[in-house]
Student: 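Got a structure for you, written out below as structure tokens; questions coming shortly.
Below, chains carry the letters A, B, ... as their sequence lines are ordered, and counting in each starts from 1.
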Protein chains: 2
Amino acid sequence: MSVPKRVDHEERRRAIAEALWRIACARGLDGASLRDVAAEAGISLGQLQHYFSSKDEMLVFALKYLGGLAEERIRARLLGFAGPPSPRDVLRETVMEMLPLDDASRTGNLVQIAYFVRALHDERLREHAKEGVPALRAFFADQVRAGIARGEVDSSRAPEAEAMLLIALTDGLTTYLLLEACGPEEAAALLDGHLDRLFTP
Amino acid sequence: MSVPKRVDHEERRRAIAEALWRIACARGLDGASLRDVAAEAGISLGQLQHYFSSKDEMLVFALKYLGGLAEERIRARLLGFAGPPSPRDVLRETVMEMLPLDDASRTGNLVQIAYFVRALHDERLREHAKEGVPALRAFFADQVRAGIARGEVDSSRAPEAEAMLLIALTDGLTTYLLLEACGPEEAAALLDGHLDRLFTP
DNA sequence: GCTTTTCCAAGTCAGTTGTATTGAGAATAA
DNA sequence: TTATTCTCAATACAACTGACTTGGAAAAGC
């Protein structure tokens, strides 16, 4: 009846997605044609089309894959702490992991921005691009609430507002890091300064 | 000898740039072909090429024109104050004018972002995209310094850092306003909250 | 009047795009 | 073995891209 697959479809799709990122990082998402991606992945156009029936499908897959990897990286970083990290540690390390402070992270952010821009004009992608924001905001707000409960954050602070403020700050810092209008150390200092005023001893 | 121009070249170029914005806002900068722009401007492709010898030249002109208009809008808004505006007023009104809070401003921001992404991969555009940042930062820092001098801002605040923080916040808020992950009122409230803690009575 | 310059419409060009089709090779199940 | 399904390379295709050329119309200077 059903013939066992000889190749791992998901593995192939991931390899193609990674090739797409490399192109998107260097030349932008719109500059990545199917032929370019296939060449970068070392396969033929026909083979690529065998794994993705349309360009849109490839883009969506690559975006979800990217988001999954980022989430995993943050989780691993938080688990790297010896003891249970404080709310401030969680916020700081999460933001630091999201910022484009090294080359690998820079690539991820460039791809993410390429998706963001396309999402502004593309119905299908917009859903995928937006879906992560509320979850992140709720996560940050929970940390602020925990900080208040531990007496580390003034109780007059509104957790939801502080969360959104932090997300916006992260995003803005990302922009200017990518433009090289501000350096990594400065970005880290700005983040720490902001957290210093949120977490009053 | 020299025959007077029968049409105002700059006026034509501005009209073409505005057509480009309309397309870039709706479909992105990469989705704007010369034929599309010409059609949107109500002229032929040949005519458009008569005013811009290359697509790149058109893009750069439209970007500089956009920046000039934004600066002018901010200047006009600040002049609209009855008396001399306080440093806090200047910061608040400037940021509010930069945020995509209405449809016109939304268009401008969408175009600006389209340029930003292209600048990440395009040598020529990068210079034009970066050149405004230091000036804006210095302007914000001056306002913070004035706030300190008037005793409205705690003297422990570092003007340059606060300026960059405010720029990054503006940028982040812009992103989430465009994605409709946060509403105009909320963005204004977040900005005011941030300024509240910067300007301590 | 005539010449010169500006202006602009139509068409051509080579190149690239995403998609569709065709058919051959390979591996498994019967 | 034979039949079936998976895998994938090659090609074709219509649409679109930016750049370029040609030719003529309109207005100003002589």
Student: What's the CD1-C1' distance between A/Ile43 and D/dC8, to the nearest Å?
Tutor: 10 Å
Student: Provide, to the nearest angstrom, the distance between the OH atom belonging to A/Tyr51 and the P atom belonging to D/dA9.
Tutor: 9 Å
Student: Reckon A/Arg12 has a side-chain N or O less than 4.0 Å from the OP1 or OP2 of D/dT7?
Tutor: no
Student: If the plane angle is over 60° it's perpendicular, under 30° parallel, otherwise tilted; pick one for A/Phe61 and A/Phe52.
Tutor: tilted
Student: Other residues, nucleotides and ligands only: do more than 12 of their heavy atoms fall within 6.0 Å of CG on A/Asp103?
Tutor: no
Student: Measure CZ/A/Phe52 against C1'/D/dT7 and give the value in whole Å, please.
Tutor: 16 Å
Student: Rounded to whole angstrom units, what separation is found between the NE2 atom of A/His9 and the C1' atom of D/dT7?
Tutor: 8 Å
Student: Rounded to the nearest Å, what distance is computed from the CD1 atom of residue B/Ile23 to the C1' atom of nucleotide D/dT17?
Tutor: 14 Å
Student: Between protein and nucleic acid, restricted to nucleotides 18-20 of chain D and to nitrogen or oxygen atoms under 3.5 Å apart, what atom pairs and distances do you find?
Tutor:
{"residue": "D/dG18", "atom": "OP1", "partner": "B/Lys55", "partner atom": "NZ", "Å": "2.5"}
{"residue": "D/dG18", "atom": "OP2", "partner": "B/Leu34", "partner atom": "N", "Å": "2.9"}
{"residue": "D/dG18", "atom": "N7", "partner": "B/Arg35", "partner atom": "NH1", "Å": "2.7"}
{"residue": "D/dG18", "atom": "O6", "partner": "B/Arg35", "partner atom": "NH2", "Å": "2.8"}
{"residue": "D/dA19", "atom": "OP2", "partner": "B/Lys55", "partner atom": "N", "Å": "3.2"}
{"residue": "D/dA19", "atom": "N7", "partner": "B/Gln49", "partner atom": "NE2", "Å": "3.0"}
{"residue": "D/dA19", "atom": "N6", "partner": "B/Arg35", "partner atom": "NH2", "Å": "3.4"}
{"residue": "D/dC20", "atom": "N4", "partner": "B/Gln49", "partner atom": "OE1", "Å": "2.6"}

Student: Without decimals, in angstroms, what is the distance between B/Leu48 CG and C/dC7 P?
Tutor: 15 Å
Student: Please work out if B/Asp36 contacts a base, only the sugar-phosphate, or nothing of the nucleic acid, heavy-atom cut-off 4.0 Å.
Tutor: sugar-phosphate
Student: Is there side-chain contact between B/Arg150 and B/Ser86, with heavy atoms separated by less than 4.5 Å?
Tutor: yes
Student: Taking only residues at least two apart or on different chains, which pairs with a member in residues 164-184 of chain B satisfy salt bridge (charged side-chain N to carboxylate O under 4.0 Å, His left out)?
Tutor: B/Arg106-B/Glu180
Student: Residues two or more places apart in sequence or in another chain: which of them pass side chain to side chain donor-acceptor pair (under 3.5 Å) with B/Arg137?
Tutor: A/Glu186, B/Glu160
Student: Taking only side-chain nitrogens and oxygens of B/His50, does any of them come within less than 4.0 Å of OP1 or OP2 of C/dC8?
Tutor: no
Student: Check the distance between D/dC6's P and A/Gln47's CD and give it to me in whole angstrom.
Tutor: 16 Å
Student: Is it true that the side chains of A/Ser54 and A/Asp56 contain a donor and an acceptor less than 3.5 Å apart?
Tutor: no
Student: Measure from CZ on A/Arg13 to P on D/dT7 and round the result to the nearest Å.
Tutor: 12 Å
Student: Given the rule in the side-chain contact (heavy atoms from CB on, under 4.5 Å) test, do B/Ser105 and B/Leu99 qualify, once you have shown the distances and angles that lead to the verdict?
Tutor: CA-CA 7 Å; B/Ser105 187; B/Leu99 289 177; 6.0 Å; no
